[in-house]
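See structure below.
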Amino acid sequence: MNLPGKVEIIEVGPRDGIQNESNFIPTEKKIELINELNKTGIKRMEATSFVHPKYVPQMRDAKEVLDGIEQDPSIQYMALIPNEKGYERAVESGIKALSLVVGASDSFNLKNVKMTREQSMESFEAVIEKAKVNDIFIRYNIATSFWCPFDGIVDYKLVLSMVERMEQLGVDEIVLCDTIGRANPKQVYDLFKEAVSLKTEAMITAHFHDTYGMAMSNVMAALQADVTRFDASIGGLGGCPFAPGAAGNAATEDIVFMMHEMGIDTGIDMDQLLACIEIVKPFTNRDLTGHLHKVKTCKSY
């Protein structure tokens, strides 16, 4: 089995993980969560989003969250933005890393931001140009890289063409997202193997949801395709307001545990990570889908 010695886990819980929660999580609890995640060994995380509160009410306190957290200079904090207006708001907050999202599926993109895929990509070109001038890190997410909740399976050649276009724009990271958790390991291996073979300067990252229970299998498939960066959310929190039926993200603690069991370094402290789950757990009405926070006797990690 082809395994790397080390992988990077990018924590998306403070943004993607809680954005779909129906009850507003108090700002001070979001701040506490990020401050505790700072202690886990995680070096990159999505902290919040500058999407209009009308569409994602949970993120209406983005500026307050960024102002309130204890920012560790060794950690990269990212904020998701939907458009140029979001870019201006984010930059005013002082953040130096931004996350953009475009759906490979037109139908998904229209539901998400009321623009076609091409319109979104064109609108972000100006944002990327500004960001490069201001030395801002750009993470470009390709949502519905495998399946769309409205159109079904997505043509992998279209996704690869988007990767090539983003590379030409000079983005720093490209994330291929299984937004509705419908991908299978063969699809994952095939697409990531092709994406990695493009030898982009931009980092290639995997983002999985666990709707059909295949998230961990897909992590393994991506590992075999030489991917070493994975998004994850504590407790398996997550979902997408614009993708009906999408379940939570791959759980951070489950991925970390699996990596450690296979002798792969993540740099993350499991005990500290599990403590973070307890901060957000009281504020969700859902059963957390992660497994490790339920296990009290396993100490092999």
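Keep in mind that what you see is a predicted model, and the values were worked out from it rather than measured.
The aromatic rings of F124 and Y140 stand perpendicular to each other, their planes meeting at an angle above 60°, with 30° marking the opposite boundary. Relative ring orientation between Y55 and H52 is described as perpendicular, the plane-to-plane angle rising above 60° on a 0-90° scale split at 30° and 60°.
Between K157 and E194 there is no salt bridge, since none of the side-chain N atoms of the basic residue sits less than 4.0 Å from a carboxylate O of the acidic one. For K96 and D135, the salt-bridge test fails: no basic side-chain N is under 4.0 Å from an acidic carboxylate O.
Defined by atom type and a distance below 3.5 Å, a donor-acceptor pair is missing between the side-chain atoms of Q119 and K114. Inspection of the S99 and N141 side chains reveals an N or O donor paired with an N or O acceptor under 3.5 Å. In this structure, a donor-acceptor pair under 3.5 Å is present between the side chains of K43 and S74. One side chain, E11 or T252, offers a donor N or O that lies under 3.5 Å from an acceptor on the other. Counting only N and O atoms by type, the side chains of D151 and S107 include a donor and acceptor under 3.5 Å apart. Donor-acceptor pairing under 3.5 Å is recorded for the side chains of D226 and N2. No donor-acceptor contact under 3.5 angstrom links the side chains of H260 and D265, judged on distance only. Side-chain N/O atoms of E32 and N35 include no donor and acceptor closer than 3.5 Å. Between the side chains of N109 and S120, at least one donor N or O lies within less than 3.5 Å of an accepting N or O. Checking D178 against H209 by side-chain atom types alone, no donor-acceptor pair falls below 3.5 Å.
Taking the side chain as every heavy atom from C-beta outward, I264 and P4 approach each other to under 4.5 Å. No side-chain heavy atom of N134 sits less than 4.5 Å from a side-chain heavy atom of V91. No side-chain heavy atom of C177 sits under 4.5 Å from any side-chain heavy atom of F208. Counting only heavy atoms from C-beta outward, the side chains of E164 and L198 approach each other to under 4.5 Å. Contact annotation: the side chain of E173 never approaches that of I138 to less than 4.5 Å [non-hydrogen atoms, C-beta and beyond]. No side-chain heavy atom of I142 sits under 4.5 Å from any side-chain heavy atom of V175. Put simply, the side chain of M270 does not reach to within 4.5 Å of the side chain of I268, judged on heavy atoms. Side-chain contact between L191 and L160 is present, with heavy atoms from C-beta onward closer than 4.5 Å.
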Exercise. Begin with the C-alpha distance, continue with both residues' side-chain angles, and end with the deciding distance and a verdict on salt bridge (charged side-chain N to carboxylate O under 4.0 Å, His left out) for R165 and E125.
Key: CA-CA 10 Å; R165 182 168 171 181; E125 288 184 8; 3.1 Å; yes
Exercise. Mind running side-chain contact (heavy atoms from CB on, under 4.5 Å) on Q76 and M45 for me, showing each step along the way?
Key: CA-CA 6 Å; Q76 182 189 62; M45 71 176 88; over 6 Å; no
Exercise. Go through K39 and D269 one step at a time and tell me if the salt bridge (charged side-chain N to carboxylate O under 4.0 Å, His left out) criterion holds.
Key: CA-CA 8 Å; K39 303 172 186 177; D269 183 290; over 6 Å; no
Practice problem: Check the pair E92 / R89 against salt bridge (charged side-chain N to carboxylate O under 4.0 Å, His left out), numbers first and verdict last. | Solution: CA-CA 5 Å; E92 286 173 7; R89 290 178 57 215; over 6 Å; no
Quiz item: Is there a salt bridge (charged side-chain N to carboxylate O under 4.0 Å, His left out) between R139 and D231 once you walk through the steps?
Solution: CA-CA 12 Å; R139 157 182 256 236; D231 283 359; 2.7 Å; yes
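Taken together through direct or relayed side-chain contacts under 4.5 Å among Ile, Leu, Val, Met, Phe, Trp and Tyr, I69 and I234 form part of one hydrophobic cluster. Hydrophobic clustering of Ile, Leu, Val, Met, Phe, Trp and Tyr side chains at less than 4.5 Å, counting indirect connections, unites V256 with M220. No chain of hydrophobic side-chain contacts below 4.5 Å, direct or via other Ile, Leu, Val, Met, Phe, Trp or Tyr residues, connects I75 to M78. Y87 and I128 end up in the same hydrophobic cluster when Ile, Leu, Val, Met, Phe, Trp and Tyr side chains are linked at under 4.5 Å.
Across all non-hydrogen atoms, the minimal contact from A62 to S49 is CB-O, 3.3 Å. M262 and L223 get closest at one heavy-atom pair: CE-CD1, 4.1 Å. In this structure, L288 and G235 approach most closely via the heavy-atom pair CB-O, 3.4 Å. Across all their heavy atoms, I42 and I9 have their closest contact at CG2-O, 4.2 Å. Of all the heavy atoms in S145 and L176, the pair that sits closest is OG-CA, 3.7 Å. The minimum heavy-atom distance between G236 and E253, with the atom names listed, is N-OE2, 4.4 Å.
Each of Q187, K193, K186 was evaluated against D190; a single residue qualifies, K186, per the side-chain hydrogen bond (donor to acceptor under 3.5 Å, both in side chains) test.
Stacking of R117 on the aromatic ring of F108 is not recorded, the 6.0 Å distance cut-off and the 45° axial limit not both being met. Cation-pi geometry between K29 and F283 is not satisfied (NZ or CZ under 6.0 Å from the ring centre, within 45° of the ring normal). Taking the ring centre of F146 as origin, the terminal cationic atom of R182 falls outside the region bounded by 6.0 Å and 45° from the ring axis.
Residue pairs meeting the ring-ring contact (aromatic ring centres under 6.0 Å, His included) criterion with at least one member in residues 151-201: none, sequence neighbours excluded.
Taking a 6.0 Å sphere around CD of E88, one finds it holds more than 12 heavy atoms contributed by other residues, nucleotides or ligands.
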